[in-house]
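For reference, the structure discussed in these notes is given below.
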Number of protein chains: 2
Amino acid sequence: MRIGELATRAGVSVRALRYYEEQGLLRSTRSPSGQRHYPEHAVDRVQLVQMLYGAGLSSKTIADLLPCVDAQVSTPESRARLAAERDRIDAQIVELTRTRDRLDAVITLSTSPAGGCAYEGAPAEQEPVAI
Amino acid sequence: MRIGELATRAGVSVRALRYYEEQGLLRSTRSPSGQRHYPEHAVDRVQLVQMLYGAGLSSKTIADLLPCVDAQVSTPESRARLAAERDRIDAQIVELTRTRDRLDAVITLSTSPAGGCAYEGAPAEQEPVAI
DNA sequence: CTAGAACCTGACGTTGACGTCAGAGGCAAG
DNA sequence: CTTGCCTCTGACGTCAACGTCAGGTTCTAG
């Protein structure tokens, strides 16, 4: 398929796909006229890249890890790298959970009728307190 | 305390604190000469801000939420906003968990002796497969 | 009183993951 | 054949959260 279809199917922009290729995260074959062509599984590959970006990995880190994710090569270093990134993500999950619980507490407090800042009745033009 | 001490105690840079004030996330009183002074609880405030930044919230979003986090005001809108952000974080946790599990699978595969890419013996100058 | 650390404002620099625009070529339909 | 959409390269623009530098003031230890 060509780049437009891949973009649509993977849910990213055409620009992003060219950027991924530039960063060594995605390959393409070229037609004689220079147009990029991709196999079916490129969709999965792009979604994996998105997943890793979403976890806060940089292009360079992803480029380092992808060959190992493809299960084509495995050195002690690459496995350590994978484990390190997994641990980073684990820590990130813990942090996010703490943040969510904190927000939950705030919501509970401000929703509870016993709370000091519960909302009751008509929109009382209450002056928001300063910072 | 002055800005340098707050920075040290909260684990951020002086520049970051001035930026937070600029964004309306932090207040300070000023000495006659113009130097910023902070109360003790500013440390907690800064760490909360860091926490929210860490969860991917923008300055503007944090500025919107902070008054409610302070449990000073609560409108249906602000509570909805808090809940929306919490839900976003929840979704983020789910996504991160999926990503971590994916990495875990890769690690298991590449570590398992049955795996097609296990590392054995001396560093065999194995050619990493292309992208 | 003076040196040096800390602070001030203002402003430009940085980085990553793209967005966007220009100008030119490619491809299927009518 | 030409119309219109897709694609190409190259290059500049963007945005957020600061980093960093300049040039000047203030505080504090000796």
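Throughout, a chain's letter reflects where its sequence line sits, starting with A, and its residues are numbered from 1. Worth saying up front: this structure is predicted, and the values here are computed from it rather than measured.
- Looking at the side chain of A/Ser33, the nearest of the listed nucleotides C/dC7, C/dC18, C/dG26 is C/dG26.
- Within the model, atoms OG1 of A/Thr97 and CD of A/Gln92 stand 10.5 Å from one another, a figure rounded to the nearest 0.5 Å.
- A 6.0 Å sphere centred on CZ of A/Arg102 holds no more than 12 heavy atoms belonging to other residues, nucleotides or ligands.
- In summary, the side chains of B/Thr61 and B/Glu85 do not present any donor paired with an acceptor at a separation below 3.5 Å, with no hydrogens or angles considered.
- Of the candidates D/dA17, C/dC8, D/dT9, the closest approach to any side-chain atom of A/Arg36 belongs to D/dT9.
- Distance from the side chain of A/Arg18 is smallest to D/dT9 among D/dC18, D/dC27, D/dT9.
- Contact annotation: side chain of B/Arg15 to base of D/dT20, donor-acceptor pair present below 3.5 Å.
- Residue A/Gln35 has its side chain nearest to C/dG26 when only C/dA17, C/dG26, D/dG19 are considered.
- The residue A/Leu57 sits close only to the backbone: its heavy atoms come under 4.0 Å of sugar-phosphate atoms, none of a base.
- Backbone-only engagement by B/Ser59 is indicated by non-hydrogen atom pairs under 4.0 Å involving sugar-phosphate atoms exclusively.
- Residue A/Arg2 has its side chain nearest to D/dC6 when only D/dC18, C/dC18, D/dC6 are considered.
- Here C/dC18 is the nucleotide among D/dC18, C/dC18, D/dC27 with the atom lying nearest to any side-chain atom of A/Gln50.
- There is a side-chain donor-acceptor pair under 3.5 Å between B/Ser59 and B/Tyr53.
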